[in-house]
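Everything on this sheet refers to the single structure shown next.
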2 protein chains.
Amino acid sequence: MKRDQTTEEKIKAAAKKVFMTKGFDGCSVRDIAKEVGSNVALLNYYFRSKEKLFELIFEGAMSDFLQSMIAVFSSDLTLKEKVEQLIDKEFTFFLEHPELPMFILQSLHQNKTDAPMPSHFLEPIANTGIFEQFEKAKAQGEVRDISIRNVTLLLMSNVHYPFMSKKLTMQFHGISAEDFDEDLRKHKEIVKELIINYLFISNPKA
Amino acid sequence: MKRDQTTEEKIKAAAKKVFMTKGFDGCSVRDIAKEVGSNVALLNYYFRSKEKLFELIFEGAMSDFLQSMIAVFSSDLTLKEKVEQLIDKEFTFFLEHPELPMFILQSLHQNKTDAPMPSHFLEPIANTGIFEQFEKAKAQGEVRDISIRNVTLLLMSNVHYPFMSKKLTMQFHGISAEDFDEDLRKHKEIVKELIINYLFISNPKA
DNA sequence: GGAAAAATTAAACAAATGTTTAAATTTTGG
DNA sequence: CCAAAATTTAAACATTTGTTTAATTTTTCC
């Protein structure tokens, strides 16, 4: 039995839905008000402005966007296990929230959020000690000689892009949304093997 | 000595620049007119409407977006060479036109172009015979057992995403645009090895 | 050189935008 | 129960939006 949403929560939910699908520029405050089922003035009563409301939604989205990373990295696993789990968790999460990667990258691309990424997003990741763990594994020859930045790019590419490419891929192959989702599920395993095979050296020096 | 641009060309160039950076919703026709250095009415004189002008720009962008694919696929190379060349050409091209992947995916995502991808984009690719070449290589055990759709997703992920993630990556690692570009150049070689290693079976049955 | 055509401009248009105002309604707390 | 506070509404606001009109300038071509 879920408690009734407050008006403030209803507005946030509606704003999230509308901003996510249409983007900041692609919607009006009246679109959001209509989704809430009420007046435009109410949005500004609670959130002062369209921009302030957007920033709130964006922050929440960014937080979701990075959450699996923090959870997995701070766990007590080997590097290889962490990478495997990260890919798994990210795919599972984005299968539930497929619009998130596009929303984040597009918002950043168009500078819809002026401030640089707040440190409270990045520090928790650094604090997991994942970077040190990676450098150590590299020094021990367990992992290929590659910079952490390139690893990040590899992981993000293979984990975010598939969800951003839905329309392009569907048109490109002439397939349905269901077919595409099936491809995504298969892709999870492919990406895991791809990345693990590449990063980790299979026959460490005896 | 380049001939003077016609007004029509100047408008198209300005529209391309503005649409690419700000998106269809993120700019006004007056933004474009200002970039041209002239009147708003002129845009409609030549192109009837903002939407028509956008569709023109989008078509051109999509054409550029797919061009390397067609060029490489219709060449006379082995599959492995084609994949290698494709990655190389795409990285080189997008290093010159880094906004293209984001523009295409974002426009499709927000349905800024209603029509499904015209067949004159897709047929040339199918007509290169690349799909048959792939299936044959798979049947001969030269290539891993993976669907063409998942291969496409792999290639696009690793070739498009890096250019889309500039802002996110710069903020994430706290690096400059120059550092990021350097990462991109290094990433080209990484992606080549990553994909080739994964797709092609190194020790075909003797 | 001058009329017809094409290109360019300034101005106006209605509609949509984000925001604010002030009034009406509902909730709160004594 | 009732006044004060909080919430919600309808209406108005000034700007900006895409587009059109009509006038002006430039080019074309006989």
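Keep in mind that this is a model prediction, so the values were computed, not measured. Order of the sequence lines sets the chain letters (A, B, ...), proteins ahead of strands, with each chain counted from 1.
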Regarding [X] and [Y], does a basic nitrogen lie under 4.0 Å from an acidic carboxylate oxygen?
{"X": "B/E193", "Y": "A/R144", "result": "yes"}
{"X": "B/E189", "Y": "B/K192", "result": "yes"}
{"X": "B/E55", "Y": "B/K52", "result": "no"}

Starting at atom [atom1] of [X], determine the distance to atom [atom2] of [N], rounded to an integer number of angstrom.
{"X": "A/I32", "N": "D/dT8", "atom1": "CD1", "atom2": "C1'", "value": "18 Å"}
{"X": "B/F47", "N": "D/dT20", "atom1": "CZ", "atom2": "P", "value": "16 Å"}
{"X": "B/D25", "N": "C/dT17", "atom1": "CG", "atom2": "C1'", "value": "13 Å"}
{"X": "A/K34", "N": "D/dT9", "atom1": "NZ", "atom2": "C1'", "value": "17 Å"}
{"X": "A/E8", "N": "D/dT8", "atom1": "CD", "atom2": "P", "value": "10 Å"}
{"X": "B/N39", "N": "C/dT8", "atom1": "CG", "atom2": "P", "value": "11 Å"}
{"X": "A/K10", "N": "D/dT7", "atom1": "NZ", "atom2": "P", "value": "13 Å"}
{"X": "B/R48", "N": "D/dT21", "atom1": "CZ", "atom2": "C1'", "value": "16 Å"}

- Query: Within 45° of the ring axis of A/F73 and under 6.0 Å from its six-membered ring centre, is that where the NZ or CZ of A/K82 lies?
  - Reply: no
- Message: Students often get this wrong, so: under 4.0 angstrom with heavy atoms, is B/Y45 touching a base, only sugar-phosphate, or nothing?
- Response: base
- Message: Base, sugar-phosphate or nothing for A/Y46? Non-hydrogen atoms, less than 4.0 Å.
- Response: sugar-phosphate
- Considering only heavy side-chain atoms of B/S28, the closest of C/dT9, C/dG18, D/dG18 is D/dG18
- Would you mind telling me which of C/dT9, C/dG18, D/dT8 lies closest to the side-chain atoms of B/L42? C/dT9
- Query: Closest nucleotide of DNA chain D for A/S38 versus for A/R30: which of these residues is on the 5' side?
  - Reply: A/S38
